[in-house]
Amino acid sequence: MRQILLTLSLLALASCGQGTTPAQTPTSAAAQVAPGARSADEIQAALASLPAPYNEANFDDGRRAFAQCRSCHTINAGGANRVGPNLHGVFGREVGTAASFNYSQAVQDADFVWDADRLDDWLANPQSFLPGNRMAFAGIRSDEQRRDLIAYLMIETAEN
Ligand code: HEC
């Protein structure tokens, strides 16, 4: 009897089509994408359009690498500053110019525009790239992980 009840409740769950996430009832592949998020096809197209070597990056690994930044940085448009500034639109932006963020003197005195090469140097070793900055982060030693993370950021921090 117990076995039958269990089977029945499993069947009931399965018939929802979404046993693990009953709150969502997507009707198509597009509907599974959160508002503002990109579909797998859009991500592939965006990756392919990046300059080398970023067009060969692994987006999912980049997203995983961003876990190291997430506690201090948001990347969405209009996202809050946390310990670090919002990074939306960071590529092509003058260093130290996120709205309403109180940068260190080292960053305020710096004068360049963020591009992939600069971000790569910064992420490899923030303190040697810009001594005296206040980003408490040791750096990412793996070239591949920085490539994947930068590609992820190129896509996710872009205006959309
Ligand atoms: C412990 C918090 C912390 C972590 C973790 C962290 N950051 Fe930061 N980040 C900061 C702070 C604080 C600043 C501002 C530094 C300053 O003013 O000296 C900053 C600045 C930056 C800037 C310069 C922004 C600008 O407007 O010029 C970039 C780019 C950046 N971080 C990217 C990253 C990335 C990518 C990661 C993950 C690999 C990361 N940070 C991890 C705190 C953090």
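Just so you know, ligand 1 is whichever comes first in the structure, and atom 1 is the first atom listed for that ligand.
The shortest N or O to N or O distance between R93 and ligand 1 is under 3.5 Å. Any N or O atom pair closer than 3.5 Å counts here, and R134 shares at least one such pair with ligand 1. The shortest N/O to N/O separation between N102 and ligand 1 does not fall below 3.5 Å.
Here the protein heavy atom with the shortest distance to atom 28 (C) of ligand 1 is W122 NE1, 3.3 Å.
Side-chain N/O atoms of N133 and S104 include no donor and acceptor closer than 3.5 Å.
At least one heavy atom of P85 sits closer than 4.0 Å to an atom of ligand 1. Residue-ligand proximity: F66 is placed with every non-hydrogen atom at 4.0 Å or more from ligand 1. L130 does not count as a contact of ligand 1, since none of its heavy atoms falls under 4.0 Å from the ligand.
Note on ring orientation: taking the six-membered ring where Trp is involved, the planes of W114 and F129 are parallel (angle under 30°, cut-offs 30° and 60°).
Both M135 and F112 belong to a common hydrophobic cluster when Ile, Leu, Val, Met, Phe, Trp and Tyr are linked at side-chain heavy-atom distances under 4.5 angstrom.
Here Y103 has heavy atoms under 4.0 Å from ligand 1 in both its backbone and its side chain. At a heavy-atom cutoff of 4.0 Å, ligand 1 is contacted by the side chain of V107 but not by its backbone.
Put simply, CD1 on I140 and CZ on R147 are 13.0 Å apart, with the number rounded to the nearest 0.5 Å.
The nearest non-hydrogen atom to atom 36 (C) of ligand 1, considering only C69, A65, A110, comes from C69.
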| task | Take R118 and D121, measure what salt bridge (Lys or Arg N to Asp or Glu O under 4.0 Å) needs, and give me the verdict at the end. | result | CA-CA 5 Å; R118 290 219 163 71; D121 289 346; over 6 Å; no
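Atom 8 (Fe) of ligand 1 has no N, O or S atom of C72 closer than 2.8 Å.
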